[in-house]
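Down below is the structure, laid out as structure tokens.
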Amino acid sequence: MTSAEVRRITNDIRTMKIRGAGKIARATANALKITTKDTKARTPAEFIKELDRVSKLLLGTRPTAVSLSNAIRFITLRPKLAKDADLQTLRRMVISRADEFIYASKDAVKRIGEIGARRISDGDIIMTHCNSGCALSVIKTAFKQGKHVEVYVTESRPFMQGLITARELLKTGVPTTLIVDSAVRHFIRDVDEVIVGADSIAANGAVVNKIGTSQLALAAHESRVLFFVAAESYKFHPGTLVGRLVEIEERDPNEIVNLKRFPGIRVRNPAFDVTPPEYIDLIITERGIIPPSAAYTLLQEHFEWRPGEEPP
Ligand code: RUB
């Protein structure tokens with residue numbers, strides 16, 4: 001039986017009450033922790049089976065943010081490999097791995113803010129898209145250091161996460177201008193750098209983020225405006241080491257328009273797109289700043305993977 005609390009978390013991720021790749025990953029870790037605390041399993045095998053079942057439920061919520069599967073991998077892999085461990089040891093392992101993941105994740109966002117803020121100069125005008133905890137961490141840290149920055153925030157239709165970003169920036173005191181997504185090219189020449197987050201980063205340095213990110217990157221590239229991505233190491237996608245593609249989630253067309261009012265219309269609603277590495281100047285991670293061409297090496301190190309092996 002899945003506990004009501006775990007069902008609520010799963011549902012909140014699916015319906016985007018909990019959203020943003022970092023928050024999704026931490027909520028996943030929390031769901032595995034709750035499952036472990038509440039388990040009625042009597043043997044290690046029963047417990048692992050329960051973890052697998054809950055992991056599958058979580059994996060079925062949103063397919064693009066690799067932070068979700070990377071959180072599950074980090075928390076469950078070691079306990080699963082501990083063949084001779086008894087039930088209590090396994091439960092302790094899962095809980096401590098989940099706590100470790102949540103702590104490291106929050107710490108990474110803070111570190112990314114500190115590292116990224118060094119790339120922001122006093123007086124900079126920044127553009128951001130959607131709502132990214134990592135991108136905001138960079139902007140807010142620079143602002144709190146006394147740098148006078150201003151931010152252009154795109155609405156990020158259809159879900160309008162830009163409004164969450166705008167509210168958060170205003171709360172911090174950052175001068176904020178809201179624009180519609182289609183005004184990006186109109187304003188890009190006023191901007192010193194673009195900062196966005198990521199849901200998945202591929203081994204070739206391509207970044208999967210909120211739909212519209214690649215258009216913004218294209219406009220920045222055309223106008224020679226710097227384009228930064230801020231993301232923790234667990235946003236790098238291990239499957240891409242062996243050529244797997246990142247699945248792009250397509251959401252309910254009713255998020256865009258009430259289908260009942262347009263009988264016969266076809267509506268497509270991809271939630272993410274792919275920005276090629278050529279348009280990205282740097283990726284800010286908690287381990288430091290890397291060019292997109294170093295994504296392969298970061299993945300190899302992070303997952304201790306060697307060519308020829310199955311992806312972790
Ligand atoms: C959110 C989104 C964010 C990334 C990074 O999409 O695209 O830019 O998830 O966010 P959605 P963070 O609203 O569909 O989840 O830096 O907070 O992990």
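Just so it is clear, the structure is predicted and the values come from calculations on it, not from any experiment. Just follow the structure's listing: the first ligand is 1, and inside any ligand the first atom is 1.
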Exercise for review: Using a strict 4.0 Å cut-off to heavy atoms of N131, name the atoms of ligand 1 that fall inside it.
Suggested key: 3 (C), 10 (O)
Check your understanding: Could K80 and D52 be called an ion pair, given the rule that one side-chain N must be under 4.0 Å from one carboxylate O?
Key -> yes
Practice item. Could you list the atoms of ligand 1 found under 4.0 angstrom from a heavy atom of Q161? Key: 11 (P), 13 (O), 14 (O)
Review point. For ligand 1, is there an atom lying under 4.0 Å from some heavy atom of E232?
Key: no
Check your understanding: Where the closest heavy atom to atom 15 (O) of ligand 1 is concerned, which of K23, R62, K210 has it?
Key -> R62
Review point. Should the pair R97 and F74 be classed as cation-pi, given the thresholds of under 6.0 Å to the six-membered ring centre and 45° from the axis?
Key: yes
**Study point:** Nitrogen or oxygen of G20 less than 3.5 angstrom from that of ligand 1
**Key:** yes
Point to revise | Polar atom proximity, G133 to ligand 1 (N or O, under 3.5 Å) | key: yes
Exercise for review: For ligand 1, indicate whether the residue H129 contacts it via side chain, backbone, both or neither (heavy-atom separation under 4.0 Å).
Suggested key: neither
Practice item. Around atom 4 (C) of ligand 1, find the nearest protein heavy atom and jot down its residue, atom name and distance. Key: D199 OD1, 3.1 Å
Review point. Heavy-atom contacts under 4.0 Å between F159 and ligand 1: side chain, backbone, both, or neither?
Key: neither
Study note, to complete from the structure: Among A135, A198, S67, S105, the residue with a heavy atom nearest to atom 5 (C) of ligand 1 is A198
Revision key, fill the gap. Under 4.0 Å from one or more heavy atoms of K235, ligand 1 contributes atoms 12 (P), 16 (O), 18 (O)
Exercise for review: Measure from the side-chain N and O atoms of E46 to the backbone N and O of R42, and report whether any donor-acceptor pair falls under 3.5 Å.
Suggested key: yes
Exercise for review: Among all protein heavy atoms, pick the one closest to atom 13 (O) of ligand 1 and tell me residue, atom and distance.
Suggested key: R19 NE, 2.4 Å
Point to revise | Distance-only N or O hit between ligand 1 and G197, under 3.5 Å | key: no
**Study point:** Side-chain donor or acceptor of S156 paired with backbone N/O of T154 under 3.5 Å
**Key:** yes
Check your understanding: Out of curiosity, is C130 lining ligand 1, as in a heavy atom under 4.0 Å away?
Key -> yes
Exercise for review: Look at the aromatic rings of Y296 and W305 and report parallel, tilted or perpendicular, splitting at 30° and 60°.
Suggested key: perpendicular
Check your understanding: When you measure from atom 3 (C) of ligand 1 to every protein heavy atom, which one gives the shortest distance, and what is it?
Key -> N209 OD1, 3.4 Å
Revision key, fill the gap. closest protein heavy atom to atom 10 (O) of ligand 1 is S132 CA, 3.5 Å
Check your understanding: Can you find an N or O of I24 that's nearer than 3.5 Å to an N or O of ligand 1?
Key -> no
